[in-house]
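Step one of this worksheet: look at the structure below.
Quick caveat, the model's predicted, so the values are computed rather than measured. Side-chain atoms are counted along with the backbone in the values below, which use heavy atoms only and exclude waters and symmetry mates.
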Protein chains: 2
Amino acid sequence: MATSSIKEVARRAGVSIGTVSNVLNRPDLVAPATRQRVLDAITTLGYVRNDSARQLRAGQSRTVAVVVLDVANPFFTDVVRGAEAALDNSGAMVIVCNSDENPVRERRHLDQLEEQRVRGILITPVDNGSNERLEQLIRNGIPVVLVDRGSRTRNRCSVAVDDVLGGRLAVTHLIETGHRLIAFVGGPTSIAQVADRHAGAAAVAAERRDVKLSVLEMPALTTAFGRMAGEKIADLPAGRRPTAVFCANDLLALGVLQEMTRRGLAVPGDVAIVGYDDIEYAAAAAVPLSSVAQPRELLGRTAAELLYGEINDGENHRHRQVVFEPELVVRDSSAR
Amino acid sequence: MATSSIKEVARRAGVSIGTVSNVLNRPDLVAPATRQRVLDAITTLGYVRNDSARQLRAGQSRTVAVVVLDVANPFFTDVVRGAEAALDNSGAMVIVCNSDENPVRERRHLDQLEEQRVRGILITPVDNGSNERLEQLIRNGIPVVLVDRGSRTRNRCSVAVDDVLGGRLAVTHLIETGHRLIAFVGGPTSIAQVADRHAGAAAVAAERRDVKLSVLEMPALTTAFGRMAGEKIADLPAGRRPTAVFCANDLLALGVLQEMTRRGLAVPGDVAIVGYDDIEYAAAAAVPLSSVAQPRELLGRTAAELLYGEINDGENHRHRQVVFEPELVVRDSSAR
DNA sequence: GCGGCTGGTCGAATCGTTTCAAGGAGAGGG
DNA sequence: CCCTCTCCTTGAAACGATTCGACCAGCCGC
């Protein structure tokens, strides 16, 4: 019942504590006969190492934390998957903390993690307010890698995806398939990702005289608001109605798609649609959705590798800012 | 840089170690002036408690683990959410472990968690093989609550949803809206959930002479196989074609829906569809999908509460097996 | 036969906390 | 003025592991 300690194992095997520890950590130092005796004692007692004591002695834990904005978001679950894959056989254990876009929760998690002396942290911070706390962690010797946020200051590693490029890709594709009247359906511009995606889209549109990009700014990036945006678009007279819509994420796009179908407008015949994120359900929509895909797993994997490097290189580590390129996946919703 | 210990705080504040500890844990025992001096020392040194030492002394940690089959599955993320909510102000910290339906990974996590002396574990085990390991944990004094699996043996708590009832609800609804030729699209019957849902559906169908339930067993519960099932159904001549389809999960249902739309069959006009799980995208489908919803957050919350009870009641705890009822959500895809 | 070496084992120190019995300084009562 | 009581504070003993110098017994070579 009460889990037994190394001391009892030692007594039962008739050896010293140090020898038991050696069996556990450097078995080749111990004579085979003794080793076997100790192992037997361990199994009969059902001994389980106490990790707290181990860590206390070692001065740090073997776990790495990933702090995400939303565990339910497929984007982050894939990032976590990537990170886990990268750290799988490094002896480290990955734990996932969910800040839920709540600065207070984030703060609490970071405090906890520091108390636990985690080996390192991968984090997508809720806002820029977290910066001071993160600086502190770094000063205290805990490596931090930023995920999906480029780092302005060069004193940490970060991985991100080029959202401006993503916007360019989407709109370039729409122009190439013949569209001239294009709508951008976005969310609050306070979200950096939304702003960047729009910037890319606008830049491409501005390069051509005959292309016009209108903007619909919705309060949030949900299907419900997508439907609402769809209504507004469908209500326009055929001549002034955009023939293509680029949405800041897939949920918006699904909403728009749904509304078009309901109104009897053909996709992509009357209106082409391109989303962003390439979530699993994008491909499964009634009309499979074109979307700008981000290398989610790769993002997590790379972040983990940077962290791993930082942990091992120690003082002479050079921080790196990695930026990935998104990729356009063309499906039926924007086929010619 | 090197994080400072309680000892240095004590020296800097000119008090003993014990006093610093008291400031941290029972501040009212310390004279205000002293307390302030200690707090100042703590902030100037940037002292952070060492949780390992704390736990070592305490004998157990303050964390509770949730071991899920798939972090990316919305079902589990909601369960986790519920558990977090229930434990939020109990001082416990929730960590999420992902077994990825892999017994080896599951085993490794359980080992790690036992070494960490976690307070308790919520788990959806990969298979019945885990049972022995779980028994062991329980014997060693770590409370375990099963999630989404009823416990046969009465020696632990569990929470589950009545899948047989879910099947009944779906088919009863279809019969009431006038359907007589109904298809069940399922997955491998080795999955208990699938078997139960089918059992419920079959039971209701058997109660009426004029109702016929055919079964399509697909290899996996994905949209791709849903489309395939859709093909088979659409290929049938109109007279023998089922007028309603009940799918073992929403992904299958979305696949079927997609194929119907592609073939020009109206949903629900020609074929009504009911799914299972009520995932977020069910409501967002081109034709909003009727689905059997499980109380996912409630499941997590209840599991956490049972665990909490078990932790606190100690010896005189009585294990309970809680079963929740699913609920049918009717949307357009099966509207009359 | 003796010095040195090697392989195996031991014991003690250490990590950073918490807890608790014990002590000390004032204050208040007799 | 002394005794008692309260309030603070202290110091030492855990908790369970790891690590490292010391020790001991054989064995080898000279």
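Side-chain atoms of A/Asn73 come within 3.5 Å of backbone N or O of A/Phe75 as a donor-acceptor pair. In this structure, the side chain of A/Gln321 engages the main chain of A/Arg156 through a donor-acceptor pair within 3.5 Å.
Using a 4.0 Å heavy-atom distance criterion, A/Val20 is classed as making no nucleic acid contact. Using a 4.0 Å heavy-atom distance criterion, A/Asp51 is classed as making no nucleic acid contact. Among the protein residues, A/Ser5 comes within range of the sugar-phosphate backbone only, with heavy atoms under 4.0 Å from sugar or phosphate atoms but none that close to a base.
Straight-line distance from the CD atom of B/Gln55 to the C1' atom of D/dG16: 13 Å, rounded to whole Å. Rounded to whole angstrom, the span from the CG atom of A/Leu29 across to the P atom of D/dT19 amounts to 11 Å. Atom CG in A/Leu45 sits about 15 Å away from atom C1' in D/dG16, given to the nearest Å. In this entry the distance linking CZ of B/Arg11 with P of D/dG11 reads 15 Å, nearest Å. Per the geometry, CZ belonging to A/Arg26 stands 6 Å off C1' belonging to D/dT19, to the nearest Å. At whole-Å resolution of the value, CG in A/Asn22 and P in D/dG21 are 14 Å apart. For A/Asn25 and D/dC20, the CG to C1' distance is 14 Å, given to the nearest whole Å.
An OP1 or OP2 oxygen of D/dG11 is reached within less than 4.0 angstrom by no side-chain nitrogen or oxygen of B/Ser16. Listed pair B/Thr34 / D/dT9 meets the phosphate criterion, a side-chain N or O lying under 4.0 Å from OP1 or OP2.
For the atom pair A/Leu87 CG and A/Ile311 CD1, the distance stands at 7.5 Å (nearest 0.5 Å).
Salt bridge status for B/Glu132 with B/Arg139: present, with a side-chain N to carboxylate O gap under 4.0 Å. Under 4.0 Å is where a charged nitrogen must lie from a carboxylate oxygen, and between A/Asp70 and B/Arg81 at least one such pair does. With respect to B/Asp40 and B/Arg12, no salt bridge is recorded, no charged nitrogen being found less than 4.0 Å from a carboxylate O. Salt-bridge check for B/Arg49 with A/Asp111: failed, with every basic side-chain N at 4.0 Å or more from each acidic carboxylate O. A salt bridge links B/Arg133 with B/Glu114: the closest approach of a Lys/Arg side-chain nitrogen to an acidic carboxylate oxygen falls below 4.0 angstrom.
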Item to complete: Whenever both distances are under 3.5 Å in a Watson-Crick or G-U wobble pair, mark it; put DNA chain D into dot-bracket that way, with [ ] for crossing pairs and | when the partner is on another strand.
Response: ||||||||||||||||||||||||||||||
Item to complete: Show your working on side chain to side chain contact (heavy atoms under 4.5 Å, CB included) between A/Val71 and B/Val71 and close with a plain yes or no.
Response: CA-CA 8 Å; A/Val71 268; B/Val71 270; over 6 Å; no
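Closest approach of A/Phe324 and A/Pro295 over heavy atoms only: CB-CG, 3.8 Å.
The residue among B/Val15 and B/Arg117 whose nearest nucleotide of DNA chain D lies closer to the 5′ end is B/Val15.
When DNA chain C is scanned in the 5' to 3' direction for atoms under 4.0 Å from non-hydrogen atoms of chain B, the outermost contacting nucleotides are C/dG16 to C/dT19.
Counted by atom type alone, A/Asp148 and A/Gln193 present one or more donor-acceptor pairs between their side chains at under 3.5 Å. No side-chain N or O of B/Asp78 forms a donor-acceptor pair with one of B/Gln294 less than 3.5 Å apart.
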N/O-N/O pairs, protein side and nucleotides 12-15 of chain D side, under 3.5 Å:
from	atom 1	to	atom 2	distance (Å)
D/dA14	N3	B/Arg57	NE	3.4

